[in-house]
Colleague: 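One structure follows; several queries about it will come next.
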Amino acid sequence: MTNEILIAGFGGQGVLFAGKCLAYEGLEENKQVSWLPSYGPEMRGGTASCGVIISDEPVGSPIVSKPTILIAMNLPSLDRYEKDTVSGGKIFVDSSLIAREVERKDVDAFYIPATRLANELGTPTLANMIILGKMIKETGLVTLESATEAMKHVVSAKRASLLEANIKALQTGYNY
Amino acid sequence: MSNKVLMKGNEAIAEAAIKAGCRHYFGYPITPQTEIAAYMAKRMPKIGGTFLQAESEVSAINMVYGVAGAGYRVMTSSSSPGISLKQEGISYIAGADLPALIVNVQRGGPGLGGIQPSQSDYFQATKGGGHGDYRLIVVAPASVQEMADLTIKSFDLSDKYRVPAMLLADGTLGQMMEPVSLPDIEVKEVEKPWAVRGTKGERKHNIVNSLYLNPEKLEQTNFERYERYAEIEKNEVMYEEFMMEDAQYCVVSFGIASRISKNAVVEARKQGIKVGLIRPITLWPFPKAVLKKAAETVKGFISVELSMGQMIEDVKLAIDCSRPVVLCNRTGGMIPSPEQVLESIKNMAKEVK
């Protein structure tokens with residue numbers, strides 16, 4: 001079983017970080033994983049994306065060109081990658097920032113107002129973790145326990161308060 | 001959870017170099033390899049090493065020349081345009097028979113080119129980007145783990161043969177993260193009686209130089225060096241064979257291209273095409289013997305490259321052009337898809353019976 005996840009949004013939304021967490025979550029479950037960012041001259045406000053592969057087999061090409069799971073955190077990302085998503089794939093949309101619905105009928109679409117929920121939690125930068133939590137719930141890709149455990153590898157121990165906030169955001173998305 | 005951590009390829013190179021006993025790094029930032037310099041800048045001061053951002057790539061490689069002459073493990077890293085700037089220094093290091101590691105995380109060219117991944121420095125790396133009769137040991141990792149393992153291996157080989165080594169990666173491998181295990185290794189201290197570290201008045205001084213105005217002497221020196229190159233060709237070839245047992249067609253690719261190719265090979269097998277893959281891990285010495293042997297049973301070869309076709313020349317040479325060899329490629333920072341490689345395999349299976 002191989003899952004190819006594409007996470008895309010504006011630079012600054014924590015798209016690369018969410019991907020890194022996800023890769024660690026796969027690692028936590030002893031899966032084969034890879035994480036590949038788009039890299040370029042973009043910075044905050046530009047577009048950012050990363051491809052994560054979680055597989056039972058060794059990962060061949062790390063390039064995610066046909067995602068089985070798409071997380072779109074802004075409209076340009078949905079516009080660009082909706083058509084690339086495989087038939088039967090799953091698309092997760094931050095509905096606070098994206099007004100339109102997924103047009104494809106051959107994929108499962110999930111909507112979560114991640115940015116609004118993050119603001120309500122008082123951690124406006126953690127919409128990425130909220131949408132990640134929702135994705136984990138709906139796909140069963142990894143367990144919430146693995147995801148929580150993985151977070152400890154990604155957020156340094158020196159920043160315990162951030163760790164707590166990240167886990168809370170993850171749970172909020174998971175339980176939404 | 002395993003004892004593995006997620007690291008970027010660039011970071012894995014840097015940490016592996018430190019584990020291999022490298023305490024001297026000289027470089028100049030350039031995308032997509034800057035994480036190597038950044039990692040060294042953070043780590044080296046803490047372990048009593050040297051990190052120095054030189055004023056240019058030319059300067060950095062000459063600092064490498066100096067430390068290599070003193071007999072210490074030393075490295076530099078850059079990406080394609082920066083590696084071009086280093087060529088004069090690399091030729092001098094080769095001419096002075098010094099060990100050193102040069103890392104090239106390739107990007108599209110020529111000229112300033114772009115910043116996306118490429119393999120178009122194959123000629124430069126394997127055929128001598130600088131002047132004169134010389135070779136580099138050239139290794140091509142295909143995973144983050146290999147970025148680390150081959151860094152360590154390169155230092156060892158370079159010391160053993162007194163030949164500079166180049167680790168030839170690309171922007172994808174530099175930027176991607178994968179699980180990597182970096183155990184502590186025992187650094188093999190190599191005797192370096194030739195090193196220029198001061199005589200303490202106890203022996204005649206050593207000379208490290210690449211200037212030989214007497215042509216007979218220069219010829220002899222080159223002859224002697226080529227004897228070592230012959231040893232390397234005999235002993236140090238590395239490659240991977242994938243699904244080659246009963247293969248009728250053979251994909252040849254290295255680095256990131258080999259991973260894309262593997263996906264295509266697996267898919268082609270599902271469709272009933274007997275195809276395998278040979279992945280050169282050392283680009284010099286090139287795995288000629290395994291390709292020549294494959295040519296006895298394989299009907300045709302496909303060279304998959306992120307260039308306009310450079311390694312394909314070595315594939316043809318290795319098999320004495322005894323079988324058709326076609327190119328499947330993208331260039332300029334574009335990456336072929338597994339579908340494109342699969343298409344190429346299917347075409348060959350149709351046309352070469």
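Computation of the quantities below employed the complete heavy-atom set of this structure, encompassing side-chain atoms and omitting hydrogens, waters and symmetry-equivalent molecules. Chain letters run A, B, ... following the sequence lines, proteins first, then strands; residues in each count from 1.
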Colleague: Hey, which of B/Ala264, B/Ser337, B/Pro117, B/Ala142 has the most heavy atom pairs under 4.5 Å with chain A?
Modeller: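 Going by pairs under 4.5 Å, I would pick B/Pro117.
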
Colleague: After noting the C-alpha distance and the side-chain angles of A/Leu126 and A/Asn166, does the key distance pass the side-chain contact (heavy atoms from CB on, under 4.5 Å) rule?
Modeller: CA-CA 7 Å; A/Leu126 293 182; A/Asn166 273 279; 3.4 Å; yes

Colleague: Would you mind checking if A/Arg100 and A/Glu82 are paired as a salt bridge, meaning a charged N to carboxylate O distance below 4.0 Å?
Modeller: yes

Colleague: Please state whether the side chain, the backbone, both or neither of A/Val59 comes within less than 4.5 Å of a heavy atom of chain B.
Modeller: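 When you check distances to chain B, atoms from both the backbone and side chain of A/Val59 fall under 4.5 Å.
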
Colleague: Got a salt bridge between A/Glu164 and A/Lys168, using NZ or NE/NH1/NH2 to carboxylate O under 4.0 Å?
Modeller: no

Colleague: Checking B/Ser143 against B/Glu178: is there a side-chain donor and acceptor pair closer than 3.5 Å?
Modeller: no

Colleague: So which of A/Pro62, A/Ser61, A/Gly26 has the biggest tally of heavy-atom pairs under 4.5 Å with chain B?
Modeller: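 Most heavy-atom pairs within the cutoff with chain B belong to A/Ser61.
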
Colleague: Identify which part of A/Lys66 has an atom lying under 4.5 Å from any heavy atom of chain B, answering side chain, backbone, both or neither.
Modeller: side chain

